[in-house]
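Computed from heavy atoms alone, side chains included, the values below leave out hydrogens, waters and symmetry copies. Both counts, for ligands and for their atoms, begin at 1 and track the order of listing.
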Amino acid sequence: MSDHLTGFRARLENGQAAFAAWCGMCEVHGLEVILREGYDCAVLDWQHGFHDFQSIETGIIAANGLRKPAFVRIGVGDFAQGARFLDWGAAGIIAPMINSAADAKAFAGFMKYPPMGGRSWGPPRAAAAMGFSNAEQLAKGNEATLAIAMIETREAMAELEDILAEPGIDGVFVGPADLSIALTRGSVVDPLHADVDAALTLIARKARAAGKIASAFCPDGARGAELAKRGYQILSLGTDGSMLRNAARAEIRIARGQAGQSDSGY
Ligand code: 3PY
Ligand code: MG
C-alpha cells in the first residue's frame, strides 16, 4: 500500500486522531493550501459542497499527490457514485443518513469486493493510487478503503449496534447538525446541543466496543481537539468555506479598525 495510506492507517490503529481538510469548494487550490498546513487527510463534500465530477477527480488526485488520503462524502443513497469515487482513487467514502442495518448493508455492498460485498471491478486508477497491483487490489482493496456510515438520525441511533456490526462498515461519522435537528424533533440546529454531546459519548463507546472507527464533523479546531480526546478519529475542523470566512472577517476588521474606518455599507 502507498506510504501515505499506510501511515494514515497506522495513525488510526494507534488510536490517534486524523484532522481532515473539509473541502466543499470546487477550487482545488484551496484544498492544496489547507492540506499543506499539516492536515492529515481530505474530505471532499459532494453532498453539500459545490463540486462537480471534475473537481472531485482533481481533488482526489491533488490530495494523493500531496501524500494525503482523500475521502468523499457522497449524497444520500449515492452508493454507486461512491464506488466510482473509490475507482478514482478515494481512500474511503462517507455516506450520509445511514439509518438502519439495511442501509449499512446496502452501502457496504457497493464499497467492498466479493465476498464481503458486490463492488464492481474497475481498478486502474484505484490500484495505482493505493500502490497495488491488480491482484493486490482484489486481495487488499476492501481493507485499504474505508466505508464510513454517517449517524445523524434517531433511527440510526436506535440501530447503531447493528449498523456497527455490518462487516463492510469500517466506522461511523457523526453529523452533529442533522443529529441535533433529529434529537430536538426539528426545533433547533445546534451541533453542540447537550443531547448531541450525550449521543457522541454513546457512539464513541459503542464504536470502540465493535472495534470500529468513530469520527465526526467538527466546526473548529477546539471541538476537534475535544472530540479527539474522547476517542474520535477522523475529524473536520470547520470547512474550507468557514475557514475562508473567518480569516476574511478577521482581516477586514483589523484593516477597518486600524484605519479608523467604518464598513462601506454597500
Ligand atoms: C451534519 O452535521 O449533519 C453534517 O452532515 C456535517 O456535514
Ligand atoms: Mg448531515
Legend entry - Heavy-atom neighbours of Asn14 CG exceed 12 at 6.0 Å: yes

Legend entry - Residues Arg230 and Thr201: side-chain donor-acceptor under 3.5 angstrom: yes

Legend entry - Steps toward ring pair (Phe, Tyr, Trp, His ring centres under 6.0 Å) verdict (Phe79, Phe107): CA-CA 6 Å; Phe79 304 148; Phe107 169 45; 5.4 Å; yes

Inset, instruction - Assess the side chains of Thr6 and Asp3: does a donor N or O sit below 3.5 Å from an acceptor N or O? - result: no

Legend entry - Proximal heteroatom of Glu152 relative to the Mg ion (ligand 2) (N/O/S): OE1

Inset, instruction - Provide the atom name of the closest N, O or S atom of Asp178 relative to the Mg ion (ligand 2). - result: OD2

Inset, instruction - Anything with a heavy atom under 4.0 Å from ligand 1 counts, so go ahead and list those protein residues by chain and number. - result: Trp22, Arg73, Met150, Glu152, Gly175, Pro176, Ala177, Asp178, Phe217

Inset, instruction - Decide whether Asp190 and Ser180 meet the rule of one side-chain donor and one side-chain acceptor closer than 3.5 Å. - result: no

Inset, instruction - Would you kindly confirm whether Ile163 and Val76 end up in one hydrophobic cluster when ILVMFWY residues are joined by side chain heavy atoms under 4.5 Å apart? - result: no

Inset, instruction - Evaluate ring pair (Phe, Tyr, Trp, His ring centres under 6.0 Å) for Tyr232 paired with Phe217, printing each intermediate quantity in order. - result: CA-CA 10 Å; Tyr232 279 82; Phe217 184 87; over 10 Å; no

